[in-house]
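Just so we're clear, the structure is a prediction, and the values are computed from it rather than from any experiment. Below, all heavy atoms of this structure are taken into account, side chains as well, without hydrogens, waters or symmetry copies.
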Amino acid sequence: MRRLTRWQAEQQRESVADVYVETYRAFSGAEFHDRQEFVRRFAEDVQRPGFDMVVTGVARLAGCAYGFRLDREGGWWQGFRGELPREVEELTASGQGFALAELMVVPAQRRRGVATALVRRLLERADTALVTVLLEPMDVPARSAFQSWGWTRIGDIGADSGSGPVLEVWSRTRTE
């Protein structure tokens with residue numbers, strides 16, 4: 001398991017995209033899991049302040065986790081349905097929020113503690129009081145994993161126009 005700098009992450013873009021495709025190959029919701037769309041999102045995420053990434057694999061990548069600090073203006077929460085919990089809003093405004101943008105483990109490496117180790121290693125350096133992730137409602141394995149790690153669902157986020165998927169917002173604070 002190793003960390004990648006922003007430059008290394010950009011250099012590994014195609015390998016990371018390969019992991020993305022293999023991870024989500026059998027998962028429904030293909031419109032969200034388009035390789036080109038992932039590469040576009042990844043290129044944007046790599047440029048965000050506080051970007052950090054951890055990968056695992058020897059000859060080829062078997063998994064990765066990456067994320068970035070949430071902007072203090074709260075742009076991450078745009079499209080949040082309902083009322084954002086006060087603590088979440090305050091931690092974001094104080095620069096204490098981190099978004100786990102992606103966690104991927106190829107099927108052959110699942111159920112071996114790889115995802116747990118990736119998340120733990122990534123969040124070691126994040127040093128924030130709040131961590132959040134967006135999950136697809138139909139991704140039962142991901143929802144189960146985050147729930148078992150002590151994360152809590154705090155609501156949904158999505159375009160009111162219906163042009164994008166509605167995602168579940170899960171979070172964890174250092175006090176949990």
Seminar exercise, completed: Only one of Leu84, Leu135, Thr152, Leu134 passes side-chain contact (heavy atoms from CB on, under 4.5 Å) with Val169, and that residue is Leu134

Exercise. Can you name the one residue among Thr132, Leu122, Leu91 that meets side-chain contact (heavy atoms from CB on, under 4.5 Å) with Phe98?
Worked result: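 Answer to the side-chain contact (heavy atoms from CB on, under 4.5 Å) test with Phe98 among Thr132, Leu122, Leu91: Leu122.
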
Results of side-chain contact (heavy atoms from CB on, under 4.5 Å) for [X] - residues two or more places apart only:
X      : answer
Ala145 : Trp149
Asp71  : Glu73
Gln8   : Leu4, Thr5

Exercise. Thr92 and Trp76: side-chain donor and acceptor closer than 3.5 Å?
Worked result: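 Not at all, the side chains of Thr92 and Trp76 share no donor-acceptor pair under 3.5 Å.
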
Problem set entry | Non-neighbouring partners of Trp170 that pass ring-ring contact (aromatic ring centres under 6.0 Å, His included), sequence neighbours left out | none

Exercise. Which residues pass the ring-ring contact (aromatic ring centres under 6.0 Å, His included) test with Phe42, sequence neighbours left out?
Worked result: Phe38, Tyr66

For this session: Would you please test Phe146 and Asp139 for side chain to side chain contact (heavy atoms under 4.5 Å, CB included) and show each step?
Result: CA-CA 11 Å; Phe146 281 95; Asp139 192 347; over 6 Å; no

Problem set entry | Other residues, nucleotides, ligands: >12 heavy atoms within 6.0 Å of Arg120 CZ |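 For Arg120, atom CZ is not crowded (no more than 12 foreign heavy atoms under 6.0 Å).
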
Run the side-chain hydrogen bond (donor to acceptor under 3.5 Å, both in side chains) test against [X] and tell me which residues pass, sequence neighbours left out.
X      : value
Arg6   : none
Arg143 : Glu168
Glu14  : Arg35
Glu89  : none

Sequence neighbours left out, cut at 3.5 Å: what donor-acceptor pairs do the side chains of residues 58-65 make with other protein atoms?
residue, atom, partner, partner atom, Å
Arg60, NH2, Glu22, OE1, 2.5

Nearest non-hydrogen partners of [X] and [Y], listed with the distance:
X      : Y      : answer
Phe68  : Ala101 : CE2-CB, 3.6 Å
Val133 : Trp151 : CG1-CZ3, 3.6 Å
Val119 : Leu100 : CG2-CD2, 4.2 Å

Exercise. Do the side chains of Val16 and Glu102 get nearer than 4.5 Å, heavy atoms only?
Worked result: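 No; the side chains remain at least 4.5 Å from each other.
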
Atom pairs and distances, side-chain donor-acceptor, residues 44-53, under 3.5 Å, sequence neighbours left out:
residue, atom, partner, partner atom, Å
Glu44, OE1, Arg40, NH1, 3.4
Glu44, OE2, Arg40, NH1, 2.5
Asp45, OD1, Arg48, NE, 2.9
Gln47, NE2, Glu10, OE2, 2.3
Asp52, OD1, Arg3, NH1, 3.4
Asp52, OD1, Arg125, NH2, 3.4
Asp52, OD2, Arg3, NH1, 3.0

Exercise. Do the side chain of Arg69 and the main chain of Gly95 share a donor and acceptor less than 3.5 angstrom apart?
Worked result: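 Such a contact is found between Arg69 side chain and Gly95 backbone.
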
Problem set entry | Sequence-distant partners of Asp127, salt bridge (charged side-chain N to carboxylate O under 4.0 Å, His left out), two or more places apart | none

